[in-house]
Structure formats: structure tokens, C-alpha cells
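Working notes, structure below.
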Amino acid sequence: MNGFREVALLLEQRARVLARRIATDDDAGSRLSFLTFLLGQERYAIEADALVEVARPGPISPLPGTPPHVAGLTNFRGEILPVFDLALLFGLPGSVHTLTARLLVAGRERPEAGLLVDAVERVVDLPAGSVQPMLQPPPPGLPAWALRGVTADAIIVLDVNALLDDDRLVAVGDEDARHQPSGEE
């Protein structure tokens, strides 16, 4: 049991290091920082600026009647956060929840969604022009609108804003829909 705690602590420390934004003073305007992560055997990246935090997944309460990619809700720093399994959203086998699984807390100004991934790799600092459009069709299940492009290392770069605006990343209907009567008016 003691060894398990040491491993868990080490992994949490590594996650904190990986979650830190790496910035350079010389070329801050011409370079972008991306967090790379794994879904199955594929490498993906999102802009580090779109992340609030990288966390270990805590307890997730399932929501009955939601699509499979909606993992449920979790308590994130006292706020209820919807959690989505990116692998299932993209039509891949579901994320395997192991010690390496992480929750990418994404948001523009505040935490908006938790994205489950299999593992986080690192933060990479790339020239702004290094993300090129994909010349081939995206992998099955991965919508083209969710892509920013691909790097020379074949890392698929996702557009976090497009993902956050996707109707499929809504765990609960909008306020108007929830308050409308189910029968006739």
C-alpha cells in the first residue's frame, strides 16, 4: 500500500510539472505551447492556454440518459464540472482509466469541461506555423471541424474552442429546454 501511495504521489507531481505553461521571452509572439496527450495509440495536442489544469480524475457521477461519451459530473474545486470521454466522442474505444489517465480541465475564462484522456505526455513549444492542415482525411469519428491541423511529428492538434462549442459537449440541456413542460402548453 505504501508503494502505491509513492507512485501516485510521483505521478501527481509529474502531472503538475506537465501542466505548467512553458513560455520563452525571446519569441513569445511566434511560438505556441501545446499539451500532448494520448487517446489509445494516437497522439493529440491542445493549446496549453486553453487548459485551466491537468488533474487526476476523481469520482465521476454518471448521468442517466446521456450519450456514452458523457462520462458524468465531477466536483472540481467546489464546482460541478461535466466530464467527457474524448475517445468515445471521436469514435475510438473508450479511455482506459488507469494511473496514467488524466482529466484535462478546459475553459476559456473558467473551467467549462473535463476531458478524459489516457495519458498526458508533455508540453511542447512549437513555432506558430508548424501546425499544418491535414492532407489526408481525419481518423474515423474525428470531425474535421475539431482539428487545427497536424505537426511534423504526426501529432493531431485539436481546436479546443470548437470542441467547447460542440453541442455534443453538453451534459445537461440548456435552461429553456429544462424549464419547458413536457406536454402541451
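All values below were derived from every heavy atom in this structure, side-chain atoms included, with hydrogens, water molecules and symmetry-related copies excluded.
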- Note on the structure: Across all chains, not counting sequence neighbours, the side chain to side chain donor-acceptor pair (under 3.5 Å) partners of Asp165 are Arg108
- Determine the minimum heavy-atom distance between Ser33 and Val123, stating which atoms define it. CB-CG1, 4.1 Å
- Message: Are Val131 and Val150 packed together at the side-chain level, in the sense that at least one heavy-atom pair is separated by less than 4.5 angstrom?
- Response: no
- Item | Criterion side-chain contact (heavy atoms from CB on, under 4.5 Å) against Val83, the qualifying member of Leu73, Leu103, Val105 | Leu103
- Verify, without hydrogens or angle tests, whether Thr74 (side chain) and Gly58 (backbone) share a donor-acceptor contact under 3.5 angstrom. no
- May I ask you to decide if Asp118's main-chain N or O and Thr100's side chain share a donor-acceptor pair within less than 3.5 Å? yes
- Query: Taking the side chain from Asp85 and the backbone from Ala87, do they hold a donor-acceptor pair closer than 3.5 Å?
  - Reply: yes
- Query: Any donor-acceptor pair under 3.5 Å linking the side chain of Gln132 with the backbone of Gly129?
  - Reply: yes
- Query: So which heavy atom on Gly107 is nearest to which on Val52, and how close?
  - Reply: N-CG2, 4.1 Å
- Task: Spell out, as yes or no, whether a donor-acceptor pair under 3.5 Å connects the side chain of Thr36 to the backbone of Arg122.
- Result: yes
- Message: Any salt bridge linking Arg31 with Asp125? Criterion: basic side-chain nitrogen under 4.0 Å from a carboxylate oxygen.
- Response: yes
- Message: Applying side chain to side chain contact (heavy atoms under 4.5 Å, CB included) to Leu32 and Glu47, what does each step give before you reach the verdict?
- Response: CA-CA 7 Å; Leu32 297 172; Glu47 254 189 90; 3.9 Å; yes
- Message: Looking at Asp159 and Arg148, would you say the former's side chain and the latter's main chain have a donor-acceptor pair under 3.5 Å?
- Response: no
- Message: A side-chain contact here means heavy atoms from C-beta on lying under 4.5 Å apart; do Leu51 and Leu35 qualify?
- Response: yes
- Query: Would Leu116 and Phe84 satisfy side chain to side chain contact (heavy atoms under 4.5 Å, CB included), going step by step from the backbone distance to the final call?
  - Reply: CA-CA 6 Å; Leu116 282 175; Phe84 304 93; over 6 Å; no
- So, do Tyr44 and Leu38 sit near enough that their side-chain heavy atoms are less than 4.5 Å apart? no
- Query: Are Val120 and Leu104 close enough that some pair of their side-chain heavy atoms sits under 4.5 Å apart?
  - Reply: yes
- Any side-chain heavy atom of Arg43 within less than 4.5 Å of one from Phe37? no
